[in-house]
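What follows is one structure encoded as structure tokens, with my remarks underneath.
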Amino acid sequence: MAKVTLSDEQNLEIMRHSCAHIMAEAICSIWPDAKLVYGPPVEDGFYYDIDLDEPIRPADFERIEEKMREIIKADKPFIRSEMPRSDALAKLAGDKYKTDNIKRADSDVISFYSNGDDFEDLCRGPHLPTTGKVGSFKIMSVAGAYWHGDPTQKMLQRVYGTAWPTPKDLDDYLHRLEEAKKRDHRLLGRQLDLFSFNESGPGFAFIHPRGMIIWNAVVDFWRSVHDKYGYQQVQTPVILNEQLWHRSGHWDNYKENMYFTTVDGVGYAIKPMNCPGLCLVYKTRQHSYREFPIRIAELGVVHRHEASGVMHGLFRVRQFTQDDAHIFCTPEQIESEIIGVIELTFEIYKAFGFEDFHIELSTRPQKHIGSDEIWETATNALENALKHKGIEYKINEGDGAFYGPKIDFHIKDCLKRSWQLGTIQLDFSMPARFGLVYTGKDNTEKTPVMIHRAVLGSFERFIGILIEHYGGGFPLWLAPEQARILPISQKSNDYALMVQETLRDAQLRVGCDLSNEKIGAKIARAHSERLPYMLVVGPKEAQFNTVNVRIRGDKKTKTVEIDEFLRTAKHKIADKKVDLAF
RNA sequence: GCUGCUGUAGCUCAGUGGUAGAGCGCGUCCUUGGUAAGGACGAGGUCAUGGGUUCAAGUCCCAUCAGCAGCUCCA
């Protein structure tokens with residue numbers, strides 16, 4: 001075997017995989033009844049799925065690690081042995097997990113790896129030469145995982161670990177994790193008083209005044225871009241007669257996730273989507289191809305009964321505000337409309353400095369409606385639009401909605417969990433179900449194409465993503481409190497209030513700390529609240545009509561005239577600058 | 001929904017069957033200051049909820065609710 005240097009990603013994976021085997025041996029020595037299922041390397045580490053009736057607890061991690069250290073210290077060689085598939089099946093008869101693994105393997109030769117005398121595991125390999133070559137590791141967590149990811153199958157115990165070439169690498173990684181956790185929007189949401197949740201409504205967010213400032217700043221920007229791209233805006237009801245949802249197909253396909261109520265003895269549903277309501281708006285009058293494309297946006301509040309275990313701060317809630325829009329157009333207009341949506345989407349993402357997102361194209365699923373021809377046209381339109389814009393994307397074969405293919409925009413949170421933001425979906429179902437028509441050039445009635453799209457996806461989620469993206473240190477245009485005036489002592493309070501009034505008159509969001517604290521304490525507090533600007537004022541500043549500007553993240557200060565501060569700040573707001581420097 | 005863990009003051013947490021604790025925050029007072037936390041005093045608790053065991057439960061057991069990690073799901 002080639003010498004392993006652990007200098008590249010591939011070797012790191014091998015080391016982590018070997019570490020998974022060592023952990024498996026350790027666990028089997030502690031719990032002889034444990035049955036091993038599958039133990040691959042993953043990003044930053046590895047896991048092993050184990051079938052064991054007794055739960056493995058965090059308190060057990062230490063003794064597992066202790067046992068692992070023994071195995072590593074013994075420096076036992078990893079030895080590969082091979083046999084034909086039939087022999088392997090015979091050898092592992094009775095072990096349903098490993099038998100299943102063999103059946104899923106594509107090779108005719110099945111390999112095993114042993115390290116030492118009493119541990120052997122079915123494995124494709126490769127591995128390190130000996131157990132002693134493993135670097136620094138730590139067991140991180142244990143959680144349930146269904147066998148084959150199938151909820152009808154038995155739930156296994158998945159033990160996660162992390163492994164790195166050196167102790168320093170491990171420490172750095174653990175440190176990075178700690179830093180990432182500090183950016184968690186759920187934590188910052190409380191610390192910065194942006195939003196909260198309450199047991200009275202699990203999954204329903206309470207947005208606080210400071211959170212609403214960010215929200216409204218995003219809405220203002222969102223609306224200006226949509227104006228520019230030719231969108232109109234509507235608002236449709238949250239509660240609508242149940243019959244509407246029978247017609248839309250939601251009753252048959254989405255009932256489990258919907259809330260229902262009764263009004264005057266009549267069944268009503270709380271909308272999980274905005275499209276049916278919009279279709280009713282469309283039908284209020286006749287339409288001609290001459291009006292197309294029609295682009296109609298709605299900041300629609302939708303409710304979806306998500307499973308209790310999937311809620312996650314603002315990222316996964318039961319009530320959220322979609323930045324929804326529907327485009328009605330002819331088949332010929334699909335591609336150019338898709339391109340328009342992509343351009344609009346990128347323009348909005350760019351304003352927030354998002355670079356790290358990826359795009360997925362989902363194609364026709366097994367269960368679908370509509371002809372093969374229309375699916376091909378639609379999928380080609382989406383694909384051509386992406387190619388036309390030179391955008392890289394991943395294809396999710398068969399992952400489209402039953403009514404049409406879709407493009408999704410995904411982004412990762414501070415702990416590398418992936419979340420969907422925007423989506424563009426072609427819908428072949430709704431216009432026909434609602435009998436939507438337009439008069440074509442040939443004076444016959446036709447069914448319009450409906451494009452359903454969201455750019456931010458959910459305002460709640462997007463605000464959460466922004467909090468993590470900026471780590472709570474918002475650019476000036478989004479900051480709930482853009483500057484705070486900090487008088488040196490109460491003798492300067494009058495001047496401080498005068499400066500505050502001047503800046504507020506100019507539409508800046510400015511606070512003033514009149515508390516009975518020393519300047520150091522006022523700065524520490526403003527700093528912990530991630531204020532962009534701290535304006536220290538005392539007798540010197542009052543004398544010359546200036547403020548001493550201290551910028552977030554910078555200990556240097558600069559004294560400028562009030563007007564100059566105002567001018568610079570206004571420019572940074574108008575240009576949506578992230579940089580606060582003067 | 002499933003598996004495991006957690007729930008004590010506004011927040012972060014200690015409390016190992018025998019009178020409810022700390023730091024921060026909050027209030028009042030002293031202090032009036034020059035760039036990351038000045039001092040004193042004080043208020044604040046049905047220990048998530050409901051049962052059970054026990055002479056005695058924040059602590060042990062059961063259930064429920066909520067949160068956390070992951071799985072599954074996500075039109």
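Here is how names work: the chains are called A, B, and so on, in the same order as the sequence lines, proteins then strands, and each is numbered from 1. All values reported here derive from a predicted model rather than from experimental measurement.
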Taking atom P of C71(B) as reference, at what distance in whole Å does atom NE2 of His148(A) sit?
-> 16 Å

Euclidean distance, atom NE2 of residue His410(A) to atom C1' of C74(B) [Å, nearest integer] = 11 Å

If pairing requires Watson-Crick or G-U wobble contacts with both distances under 3.5 Å, which nucleotide is the partner of A63(B)?
-> U49(B)

Output the single nucleotide from U35(B), C71(B), C65(B) whose closest atom is nearest the side chain of Met155(A).
-> C71(B)

Ile523(A) has its side chain closest, among U12(B), U35(B), U3(B), to U35(B)

State which of A69(B), G38(B), G34(B) makes the closest approach to the side chain of Ala521(A).
-> G38(B)

Picking from U35(B), G34(B), G1(B), the nucleotide nearest the side-chain atoms of Glu541(A) would be G34(B)

Less than 4.0 Å between a side-chain N and a carboxylate O, is that true for Arg57(A) and Asp60(A)?
-> no

Lys/Arg N to Asp/Glu carboxylate O, Arg364(A) vs Glu397(A), below 4.0 Å | no

So, Glu54(A) versus Trp31(A): side-chain donor-acceptor pair below 3.5 Å or not?
-> yes

Check: Gln157(A)/Asp49(A) side-chain N/O donor and acceptor closer than 3.5 Å | no

Could you work out which one of G70(B), G33(B), C74(B) sits closest to the side chain of Ile488(A)?
-> G33(B)

With the side chain defined as heavy atoms from C-beta on, Ser489(A) is closest, among U32(B), G34(B), C71(B), to U32(B)

Contact residues, residues 52-59 of chain A to RNA chain B [heavy atom, < 4.0 Å] = Pro55(A), Arg57(A)

Out of C11(B), A37(B), G1(B), whichever nucleotide has its closest atom nearest the side chain of Ala307(A) | G1(B)

C24(B) - base-pair partner by Watson-Crick or wobble geometry, distances under 3.5 Å | G10(B)

Reckon Gly309(A) touches a base, only the sugar-phosphate, or nothing at all at heavy-atom distances under 4.0 Å?
-> base

Distance-only donor-acceptor check, side chains His185(A) and Glu468(A), under 3.5 Å | yes

Got a salt bridge between Lys406(A) and Glu360(A), using NZ or NE/NH1/NH2 to carboxylate O under 4.0 Å?
-> no

Please measure how far the P atom in U59(B) lies from the corresponding atom in U19(B), and state the result in whole Å.
-> 14 Å

Residue Asn548(A), side-chain heavy atoms: nucleotide from A37(B), U35(B), A69(B) that is nearest | U35(B)

Hey, is the side chain of Lys491(A) poking within less than 4.0 Å of OP1 or OP2 on G33(B), counting only N and O atoms?
-> yes

Salt-bridge present (Asp53(A), Lys154(A); N to O < 4.0 Å) = yes

Polar atom pairs between nucleotides 23-31 of chain B and protein, under 3.5 Å, N or O only, would you list them?
from, atom 1, to, atom 2, distance (Å)
C26(B), OP1, Arg525(A), NH1, 3.3
C30(B), N4, Asn516(A), ND2, 3.1
U31(B), N3, Asn516(A), OD1, 3.2
U31(B), N3, Asn516(A), ND2, 3.0
U31(B), O4, Asn516(A), OD1, 3.3
U31(B), O4, Asn516(A), ND2, 2.2

Is NZ or CZ of Lys96(A) both nearer than 6.0 Å to the six-membered ring centre of Trp147(A) and within 45° of the ring axis?
-> yes

For the pair made of NZ in Lys181(A) and P in A69(B), what is the distance, rounded to whole Å?
-> 8 Å

Taking G67(B), C71(B), U35(B) as options, the one with an atom nearest any side-chain atom of Pro202(A) is G67(B)

Value in whole Å for how far the C1' atom of G70(B) lies from CH2 of Trp147(A) | 20 Å

Check: Thr236(A)/Glu298(A) side-chain N/O donor and acceptor closer than 3.5 Å = yes

Side chain of Glu199(A) (C-beta onward), nearest among A66(B), U72(B), U12(B) | A66(B)

Decide whether a cation-pi geometry holds between Arg176(A) and Trp164(A); the criteria are a distance under 6.0 Å from NZ or CZ to the six-membered ring centre and an angle within 45° of the ring axis.
-> yes

